[in-house]
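Step one of this worksheet: look at the structure below.
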Amino acid sequence: MRITDTSDLWWKTAVVYCLDIETYFDSDGDGIGDFAGLAQRVDYLADLGVTCIWLMPFYPTPDRDDGYDVTDFYGVDQRLGDHGDLVEFLRTARDRGMRVIADLIVNHTSDQHPWFQSAKQSKDSPYRDYYVWRSDPPPPTSKQVVFPDQEDSIWTKEETTGEWYLHRFYKHQPDLNVTNPAVRDHIAKAMGFWLELGVNGFRVDAVPFFLETTGEEPEELPDPHEFLRDLRRFLNRRSGEAILLGEVNLPYKEQTDFFGGSEGDELNVMFDFMAMQNMYLALARQDARPLAETLAKRPAINPDNQWATFVRNHDELTLDKLSEEERQEVFAAFGPEERMQLYGRGLKRRLPPMLGGDPRHVKMVYSLLFSLPGTPVLYYGEEIGMGEDLEAEGRMAVRTPMQWTDDANAGFSTAPPGKLVSPLVDGGCGPQFVNAAQAKRDPDSLWSFMATLIRRYRECPELGWGRFELLRQPASSVLAHRCTWETASLVLVHNLSPEPATVTIDLATEDEPEDKFVGSVLLDLLGDENVELADGGRCELPLGGYGYRWLRVLHAEDRRLP
């Protein structure tokens with residue numbers, strides 16, 4: 001395979017940046033971010049090196065769930081602008097070489113959606129079967145709710161008709177009935193609409209719930225995954241380069257079903273929740289083995305598919321796949337106060353305050369993120385080290401206005417502070433200490449480091465395409481791995497402990513015997529300390545506390561530019 005072939009599957013080496021339009025930049029002074037403001041910040045993202053922007057929901061909404069309660073799958077919320085503003089942003093992003101994907105919220109609608117408003121009025125409504133109903137009282141389902149602090153059942157009685165409707169999330173978000181062909185047609189039509197306007201794919205929300213057929217006859221949709229395959233086929237007919245990035249928080253064995261198994265014909269990319277959760281366990285223990293063991297268990301996937309890796313996302317930092325004992329270890333290390341925890345399963349914090357603001361520790365974690373095989377996904381503000389607002393309710397703690405400057409309102413808006421869409425973070429992570437303007441001018445800032453990581457990641461297709469292998473070495477605090485693609489190979493080493501460590505690694509394999517390494521060197525990609533390899537492919541690597549190294553194996557006959 002040639003390096004030029006990698007552009008066909010752009011998502012395998014993309015750098016994805018997730019943002020919430022209403023908290024990013026306000027262009028008109030009403031206290032709410034908008035598309036016109038986002039367009040003004042496209043060059044900022046291009047300078048950082050972002051290649052794909054992921055937009056959180058921008059559809060019309062009563063805004064009871066931060067935009068995830070949608071009333072029109074074809075609209076733009078008027079607070080954020082209109083379709084013209086969206087298209088101007090899309091064109092500007094495309095001109096700067098960035099693709100854009102949008103949240104696809106099709107598991108449920110708002111209860112204010114015209115479909116549900118009609119459906120709840122009569123059993124004879126043409127939209128009645130767009131939702132899932134039952135006439136008999138439901139059994140207890142408190143253990144099935146997604147938000148246990150808000151709901152005690154996944155069924156709510158609608159008094160007009162006396163029947164119960166299904167909602168896996170909030171009661172004001174009734175689930176759509178995907179066994180109904182009309183619903184499936186509407187979903188595809190909405191996807192086609194946004195593709196025509198210029199988006200390059202979709203992040204699909206809550207995929208396992210989206211394919212749920214609870215309350216319906218199985219014969220109506222005997223294999224829900226066939227619907228996902230239909231959406232993928234439709235997507236690729238309309239746009240050969242468009243993707244589906246799925247939120248599937250399941251164990252690996254179940255997760256591969258949503259790729260489409262060995263065929264890889266369902267989701268293109270999926271978030272690796274298992275690696276993320278075990279990364280935090282490893283960080284809490286200062287022991288790389290939980291992460292190493294998890295990565296070693298990653299199942300083989302179709303070469304066209306990809307894992308998406310991340311440190312933080314827009315929801316709670318879920319730890320639900322860890323055991324109760326393991327979860328408590330992470331809580332004790334990074335969220336010991338009850339107000340820092342959420343739903344008993346996750347954290348409502350961002351990374352810098354979790355790590356006590358230690359820049360060595362923070363940089364090591366992001367170096368680790370970009371070194372893992374897969375596609376890295378950043379959440380807005382991570383590049384400058386933003387913190388969280390622990391006074392905010394639930395997941396809103398990490399959905400605070402972007403901190404652009406140390407001016408009033410962090411340069412986010414000219415509105416009076418009381419009119420901002422949400423309060424600013426204060427304290428050591430507040431805008432007077434953490435903001436984009438200062439960070440861009442500081443060569444030692446997290447922003448500058450992140451820009452370097454992004455550049456190096458983009459120069460290393462081994463990380464998106466290569467074969468992953470763990471390297472044996474004696475230090476339990478160190479993750480050492482290798483990514484190899486064709487004749488190119490990277491050695492990546494990270495120390496999860498504040499104590500220095502020295503590791504000895506051996507690169508010789510059956511494919512690359514000892515004599516292959518005569519005259520070879522490990523080229524330092526994040527510094528200027530190259531490492532000479534012994535003839536047998538062995539070397540000793542000293543690491544400082546929270547130290548990390550990115551090293552390219554450079555053989556004597558290689559023609560790649562050092």
Side-chain angles (χ1 to χ4, degrees), residues 14-27 33-55 89 92-100 310-312 350-353 355 357-367 369-370 376-388 398-414 420 424-459 525-527 548 550:
V15 176
V16 181
Y17 185 96
C18 171
L19 62 86
D20 189 350
I21 299 158
E22 69 175 10
T23 59
Y24 207 60
F25 186 63
D26 170 21
S27 70
D34 45 50
F35 273 112
L38 175 56
Q40 294 180 39
R41 291 295 186 257
V42 165
D43 285 331
Y44 167 83
L45 296 174
D47 288 346
L48 183 61
V50 169
T51 67
C52 177
I53 302 171
W54 157 21
L55 302 177
F89 156 70
T92 306
R94 184 165 61 247
D95 178 68
R96 306 310 196 268
M98 286 180 281
R99 294 175 171 89
V100 178
F310 61 106
V311 167
R312 194 66 183 85
R350 284 187 182 250
L351 185 70
L355 302 185
D358 185 339
R360 299 177 307 153
H361 204 173
V362 173
K363 288 181 179 180
M364 183 277 292
V365 173
Y366 283 111
S367 172
L369 168 68
F370 279 88
V377 180
L378 296 173
Y379 185 51
Y380 79 94
E382 280 192 277
E383 73 277 12
I384 59 174
M386 277 175 56
E388 73 278 343
V398 297
R399 300 179 183 180
T400 57
M402 178 65 181
Q403 296 167 195
W404 294 108
T405 70
D406 59 2
D407 297 329
N409 296 335
F412 161 72
S413 173
T414 58
L420 298 187
L424 292 162
V425 169
D426 59 13
C429 289
Q432 63 270 42
F433 303 108
V434 176
N435 65 75
Q438 291 176 355
K440 283 195 66 178
R441 293 193 297 268
D442 181 359
D444 296 321
S445 70
L446 180 59
W447 191 96
S448 297
F449 178 72
M450 200 80 82
T452 298
L453 283 179
I454 291 173
R455 185 167 62 251
R456 290 290 179 257
Y457 171 82
R458 293 284 292 166
E459 293 169 349
L525 299 184
L526 295 180
Y548 46 87
W550 285 37

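Residue numbers count from 1 along this sequence.
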task: Applying side chain to side chain contact (heavy atoms under 4.5 Å, CB included), run through Asp34 and Phe25 and close with a yes or a no.
output: CA-CA 7 Å; Asp34 45 50; Phe25 186 63; 6.0 Å; no

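- The two atoms that bring Lys363 and Asp444 nearest to each other are NZ-O, 3.0 Å, heavy atoms only.
- Closest heavy-atom contact between Leu424 and Pro401: CD2-CB, 3.7 Å.
- In terms of heavy atoms, Ala93 sits closest to Ile53 at CB-CD1, 4.5 Å.
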message: I'd like to know whether Tyr380 forms a side chain to side chain contact (heavy atoms under 4.5 Å, CB included) with Thr23, so could you lay out the CA-CA distance, the side-chain angles of the two residues, the decisive distance to 0.1 Å, and finally the verdict.
response: CA-CA 10 Å; Tyr380 79 94; Thr23 59; 3.0 Å; yes

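- Shortest non-hydrogen contact noted between Gln40 and Ser27 is NE2-CB, 3.8 Å.
- A cation-pi arrangement, defined by a distance under 6.0 Å to the six-membered ring centre and an angle within 45 degrees of its axis, is present between Arg41 and Trp404.
- The backbone N or O of Arg441 sits nowhere less than 3.5 Å from a side-chain atom of Ser445 that would complete a donor-acceptor pair.
- Side-chain atoms of Gln438 never come within 3.5 Å of backbone atoms of Asn435 as a donor-acceptor pair (strictly under, hydrogens ignored).
- Using a 4.5 Å heavy-atom threshold, the side chains of Arg458 and Phe370 count as separate.
- Closest approach of Ser448 to Pro443, counting heavy atoms only: CB-O, 3.5 Å.
- Side chain to side chain, Tyr17 and Glu383 meet the donor-acceptor criterion of an N or O pair below 3.5 Å.
- Under the 4.5 Å side-chain criterion, counting only non-hydrogen atoms from C-beta, Leu45 is in contact with Leu19.
- Residue Ser367 is tested with Thr452, Leu526, Val362 for a side chain to side chain contact (heavy atoms under 4.5 Å, CB included); the sole match is Leu526.
- In this structure, the side chains of Met450 and Ile384 stay at 4.5 Å or more apart for every pair of heavy atoms.
- The two residues Ala14 and Tyr457 make their nearest non-hydrogen contact at O-CE2, 3.6 Å.
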Side chain to side chain contact (heavy atoms under 4.5 Å, CB included) between Thr400 and Met386, intermediate numbers included: CA-CA 9 Å; Thr400 57; Met386 277 175 56; 3.6 Å; yes

message: For Phe35 and Ile21: C-alpha separation, side-chain torsions, deciding distance, then whether side chain to side chain contact (heavy atoms under 4.5 Å, CB included) applies.
response: CA-CA 7 Å; Phe35 273 112; Ile21 299 158; 3.2 Å; yes

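- For residues 399-410, the pairs satisfying salt bridge (charged side-chain N to carboxylate O under 4.0 Å, His left out) are Asp66-Arg399, Asp315-Arg399, with sequence neighbours left out.
- Side chain of Tyr379 to backbone of Val398: a donor-acceptor contact under 3.5 angstrom is found.
- Of the possible polar contacts, one joining the Thr51 side chain to the Val15 backbone as a donor-acceptor pair under 3.5 Å is found.
- At distances below 3.5 Å, at least one donor-acceptor pair connects side-chain atoms of Glu388 with backbone N or O atoms of Arg350.
- At distances below 3.5 Å, at least one donor-acceptor pair connects side-chain atoms of Asn409 with backbone N or O atoms of Ser413.
- When atom types are taken as modelled, the side chain of Gln403 and the backbone of Cys429 share a donor-acceptor pair closer than 3.5 angstrom.
- In this structure, Trp54 and Val100 have side chains that are not in contact, with every pair of non-hydrogen atoms separated by 4.5 Å or more.
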